Each structure stands twice: as structure tokens, then as C-alpha cells.
Amino acid sequence: MSNEHGPAHGVMEGKGAYNRHAALPAGGAALALPLLERAIRDVEIDSGSQPIVIADYGSSQGKNSQARCRLRSGA
């Protein structure tokens, strides 16, 4: 067994690599957009002063999250 270490880098390659190769995950996420749109339309939100928090867990560099964020913000 070797004691040599491989290159020191994190799990994500960085420098936009994920976004350049994200077409397949984006295509899968696009299938859920109509369901998300319906859920946004049907949810009842209290008109109080508390903020609404939206978390997009698993987002990498943002490209795959943009369509969902536009949908949620009504843009």
C-alpha cells in the first residue's frame, strides 16, 4: 500500500466546471418545475411580518437553481 497522497483539492472541481456539465441534472429538475409552480400557487402564506425562507439544498454554483428561484420570486 502506498503512502503517497493524491492531488490536494476539494470534492468540487470549481471554476464553473459543474455549470458546464450540468445539463443532465438541470433536465431532471425541469421536470419538477410544474409541480413546484403548482405548490407555490396553492400554498397559503401568512401575511404577518415574518420572512419567508427558501432553501435550495444541494445547489452547486447556481445555474441549476436559477429557474426555480425565478419561479419562486415571480420574476
Side-chain angles (χ1 to χ4, degrees):
M1 191 161 127
S2 172
N3 288 332
E4 293 182 33
H5 296 282
H9 64 82
V11 175
M12 296 300 291
E13 185 176 331
K15 299 181 183 177
Y18 180 86
N19 283 338
R20 286 192 303 277
H21 304 286
L24 184 61
L31 296 174
L33 287 177
L35 300 172
L36 180 59
E37 185 174 24
R38 184 173 50 193
I40 290 170
R41 186 178 55 245
D42 294 348
V43 71
E44 292 186 30
I45 298 175
D46 185 356
S47 61
S49 61
Q50 296 297 317
I52 298 170
V53 177
I54 300 171
D56 188 359
Y57 297 108
S59 61
S60 175
Q61 297 170 332
K63 182 178 179 180
N64 283 352
S65 300
Q66 291 173 355
R68 294 185 303 275
C69 288
R70 281 192 300 273
L71 184 65
R72 293 184 290 224
S73 68

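Nothing here was measured: the structure is a model prediction, and the numbers come from that model. We count residues from 1, following the sequence as given.
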Between Lys15 and Arg20, which heavy-atom pair has the shortest distance, and what is it? O-NH1, 2.9 Å

Does Leu24 have any side chain to side chain contact (heavy atoms under 4.5 Å, CB included) partners at least two apart in sequence or in another chain, and if so, which?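 Partners of Leu24 under the side chain to side chain contact (heavy atoms under 4.5 Å, CB included) test: none.
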
Value rounded to 0.5 Å, distance of CG in Leu31 from CG in Leu36: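 Atom-to-atom, Leu31:CG and Leu36:CG are 13.0 Å apart.
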
What distance do Leu33 atom CG and Ile40 atom CD1 have between them, rounded to the nearest 0.5 Å?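 So the CG of Leu33 and the CD1 of Ile40 are separated by 9.0 Å.
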
